[in-house]
Amino acid sequence: MDRKTFMISLCSAMALGCLRAQSAPSAPAKKALIVYFSWSGNTRGIAKKIKSITGADIAELELEKPYSRNYNTCLDEALSDQKKRARPKLKNSFENLGDYGSILLGYPNWWASIPMPIATFLESYDFKGKSIIPFCSHGGGRLGQSVSAIAKLCPGSPIKTPLSVHYSGGRSLAKDLDEWLTKNGLK
Ligand SMILES: Cc1cc2nc3c(=O)[nH]c(=O)nc-3n(C[C@H](O)[C@H](O)[C@H](O)COP(=O)(O)O)c2cc1C
């Protein structure tokens with residue numbers, strides 16, 4: 001091959017490489033999944049509203065042995081579970097968590113922290129590299145210690161801006177969700 005033919009071949013190969021690089025399909029952006037636990041329905045309502053805004057997939061954590069429907073009994077059961085670091089068994093299993101890049105994690109503030117079913121969920125799967133975006137319904141204690149409890153359970157995951165919602169959120173819920181989702185790049 002003479003010098004001129006070599007240069008032409010080299011240029012053609014480079015151009016083809018460029019074209020190939022441009023037309024290579026880029027990896028699809030990973031989706032967000034809403035996962036929540038709710039005892040009296042407030043977190044469920046907020047989670048559904050987030051789904052209607054974002055179109056994200058959604059799953060409610062369900063227990064093999066649910067907490068009592070009696071408020072005072074539930075308070076006792078939840079406190080006992082928290083003290084003994086119980087991991088109540090979930091009915092759910094998630095086989096496709098690899099499809100998701102972020103988890104919008106919803107729960108009620110229970111005894112100033114997460115309900116133990118949230119700990120079961122976080123310990124059951126590998127969340128390394130996935131963003132966790134907490135949202136918490138509360139009766140006055142806001143997020144309590146819940147965010148640090150989550151961070152301890154999944155040390156390889158960035159925890160993004162959390163949202164606390166008073167009970168079901170009232171009239172400002174739509175605006176609060178809008179601002180929070182925008183902050184977290186989900187709108
Ligand atoms: C077992 C239990 C413990 C709770 N502990 C707290 C608490 O420490 N601080 C607080 O602000 N609210 C507390 N609450 C109130 C709930 O966070 C609040 O009612 C919330 O809206 C319930 O959400 P849910 O309807 O999704 O279950 C507690 C409620 C229950 C049932």
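When reading the values below, keep in mind they use all heavy atoms of this one structure, side chains included, and skip hydrogens, waters and symmetry mates. In listed order, ligands and their atoms are each counted from 1.
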Under 3.5 Å side-chain donor-acceptor pair for Thr43 and Tyr107: no
- prompt: In terms of side-chain heavy atoms, does Tyr67 have a donor or acceptor partner in Glu77 at a distance below 3.5 Å?
  reply: no
field: Check: Ser80/Gln82 side-chain N/O donor and acceptor closer than 3.5 Å
entry: no
Tabulated below should be the N or O atoms of ligand 1 paired with protein N or O atoms at under 3.5 Å; can you produce that?
| from | atom 1 | to | atom 2 | distance (Å) |
| --- | --- | --- | --- | --- |
| ligand 1 | 5 (N) | Asn109 | O | 3.4 |
| ligand 1 | 5 (N) | Trp111 | N | 2.9 |
| ligand 1 | 8 (O) | Asn109 | OD1 | 3.2 |
| ligand 1 | 8 (O) | Trp111 | N | 3.2 |
| ligand 1 | 8 (O) | Ala112 | N | 2.8 |
| ligand 1 | 9 (N) | Asn109 | OD1 | 3.3 |
| ligand 1 | 11 (O) | Gly139 | N | 2.9 |
| ligand 1 | 11 (O) | Gly140 | N | 3.2 |
| ligand 1 | 11 (O) | Gly141 | N | 2.7 |
| ligand 1 | 12 (N) | Gly139 | N | 3.2 |
| ligand 1 | 14 (N) | Asn109 | O | 3.3 |
| ligand 1 | 17 (O) | Asn109 | O | 2.8 |
| ligand 1 | 17 (O) | Ser137 | O | 3.4 |
| ligand 1 | 21 (O) | Asn42 | ND2 | 2.8 |
| ligand 1 | 21 (O) | Ser137 | OG | 2.5 |
| ligand 1 | 25 (O) | Ser40 | N | 3.2 |
| ligand 1 | 25 (O) | Ser40 | OG | 2.5 |
| ligand 1 | 25 (O) | Gly41 | N | 2.9 |
| ligand 1 | 25 (O) | Asn42 | N | 2.7 |
| ligand 1 | 26 (O) | Ser38 | OG | 2.6 |
| ligand 1 | 26 (O) | Asn42 | N | 3.4 |
| ligand 1 | 26 (O) | Thr43 | N | 2.8 |
| ligand 1 | 26 (O) | Thr43 | OG1 | 2.6 |
| ligand 1 | 27 (O) | Trp39 | N | 2.8 |
| ligand 1 | 27 (O) | Ser40 | N | 2.9 |
| ligand 1 | 27 (O) | Ser40 | OG | 3.4 |

- prompt: Hey, are Lys30 and Asp99 close enough for a salt bridge, meaning a charged N less than 4.0 Å from a carboxylate O?
  reply: no
- request: Just say parallel, tilted or perpendicular for the rings of Tyr125 and Phe121, cut-offs at 30° and 60°.
  value: tilted
task: Could you label the plane-to-plane angle of the His138 and His166 rings as parallel, tilted or perpendicular, counting under 30° as parallel and over 60° as perpendicular?
output: tilted
